[in-house]
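Heads up, the thing below is written out as structure tokens.
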Amino acid sequence: QVQLVESGGGSVQPGGSLRLSCAASGIMFRLYDMGWYRQAPGNQREMVATINRGGTTNYADSVKGRFTISRDNARNTVYLQMNSLKPDDTAVYYCNSRYSRLDYWGQGTQVTVSS
């Protein structure tokens, strides 16, 4: 019933940009905190950026100034604008939706940054 459908991943060169989208269904989107997480091979999943139901954002230190998370409640969609991409940003990026004890995840989308 609950679905988080991600799009926008791909391969780019260092310094390039990508915009990830996550379209949610089956939830009252505006009530949920949303976030982007990533996981590279051999690493734990880490928080990249979050935006709560009130629009307050939080970023990992490694992406501050480069990434921007936003949400469009009318479209039930959360975005991650990624600029000045680095090879270390290479990972599978996951969309997350949370409200109280409810916690949902998308399928993940691959982002590869290489020369």
Side-chain angles (χ1 to χ4, degrees):
Q1 188 174 36
V2 176
Q3 282 196 97
L4 302 176
V5 180
E6 302 166 355
S7 60
S11 297
V12 296
Q13 294 183 334
S17 297
L18 285 172
R19 190 180 78 156
L20 306 183
S21 300
C22 172
S25 61
I27 62 170
M28 192 170 291
F29 181 83
R30 67 179 184 86
L31 298 181
Y32 279 71
D33 298 337
M34 303 296 298
W36 290 95
Y37 295 71
R38 68 187 182 188
Q39 186 169 22
N43 288 268
Q44 284 202 314
R45 189 173 299 185
E46 65 173 345
M47 187 274 289
V48 177
T50 62
I51 181 167
N52 72 11
R53 59 188 284 183
T56 301
T57 59
N58 187 40
Y59 297 92
D61 287 342
S62 59
V63 308
K64 285 180 181 176
R66 301 188 297 121
F67 291 10
T68 303
I69 189 170
S70 61
R71 64 191 295 161
D72 186 340
N73 289 342
R75 290 182 166 84
N76 287 2
T77 301
V78 63
Y79 305 95
L80 185 68
Q81 179 67 46
M82 304 185 293
N83 298 326
S84 302
L85 283 162
K86 304 174 179 179
D88 195 50
D89 296 318
T90 297
V92 178
Y93 284 70
Y94 297 90
C95 179
N96 173 253
S97 180
R98 293 185 184 183
Y99 178 71
S100 187
R101 298 168 191 85
L102 301 174
D103 193 2
Y104 303 107
W105 293 91
Q107 77 286 351
T109 185
Q110 178 70 48
V111 171
T112 302
V113 185
S114 66
S115 301

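In what follows, residues are counted from 1 in the order of the sequence shown.
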[X] to [Y] - nearest heavy-atom pair and separation:
X: A40; Y: A91; value: N-CB, 3.9 Å
X: F67; Y: Y59; value: O-CE2, 3.3 Å
X: S97; Y: M34; value: OG-SD, 3.4 Å
X: L4; Y: C22; value: CB-SG, 3.8 Å
X: R66; Y: L85; value: NH1-CA, 3.9 Å
X: G106; Y: E6; value: CA-OE2, 3.5 Å

Requested in this report: Please report the C-alpha distance between S62 and R38 in whole Å, then the side-chain angles of each, then the deciding distance to 0.1 Å, and finally whether the side-chain contact (heavy atoms from CB on, under 4.5 Å) criterion is met.
Outcome: CA-CA 12 Å; S62 59; R38 68 187 182 188; 3.4 Å; yes

Quick one, [X] and [Y] - any side-chain contact, counting heavy atoms below 4.5 Å?
X: I27; Y: Y99; answer: no
X: S11; Y: S114; answer: no
X: W105; Y: C95; answer: no

Give the cluster check for [X] versus [Y]: same hydrophobic cluster or not, with ILVMFWY residues linked at side-chain heavy-atom distances below 4.5 Å.
X: I69; Y: Y79; result: no
X: V2; Y: Y32; result: yes
X: L102; Y: V5; result: no
X: L31; Y: V78; result: yes

Query raised in the report: How many angstroms lie between OG1 in T56 and CD1 in I51, if you round to the nearest 0.5 Å?
Result: 8.0 Å

Report summary line: So CG of L18 and CE of M82: to nearest 0.5 Å the spacing works out to 4.5 Å

Query raised in the report: Is it true that a side-chain atom of N58 and a backbone atom of A49 form a donor plus acceptor pair closer than 3.5 Å?
Result: no

Query raised in the report: Does R30 reach the main-chain N or O of N73 with its side chain, forming a donor-acceptor pair under 3.5 Å?
Result: no

Query raised in the report: F29 ring centre to R71 NZ or CZ under 6.0 Å, with the angle to the axis within 45°?
Result: yes

Requested in this report: Please confirm whether Y37 and Y94 have ring centers closer than 6.0 angstrom.
Outcome: no

[atom1] of [X]: more than 12 outside heavy atoms within 6.0 angstrom?
X: N52; atom1: CG; answer: yes
X: M28; atom1: CE; answer: no
X: Q110; atom1: CD; answer: yes

Query raised in the report: After noting the C-alpha distance and the side-chain angles of R45 and N96, does the key distance pass the side-chain contact (heavy atoms from CB on, under 4.5 Å) rule?
Result: CA-CA 12 Å; R45 189 173 299 185; N96 173 253; over 6 Å; no

Requested in this report: Test V111 against every option in L20, T90, V92 by the side-chain contact (heavy atoms from CB on, under 4.5 Å) rule and name the one that passes.
Outcome: L20

Report task. Using a strict 4.0 Å threshold on nitrogen-to-oxygen distance, state whether K86 and D89 make a salt bridge. Result -> no

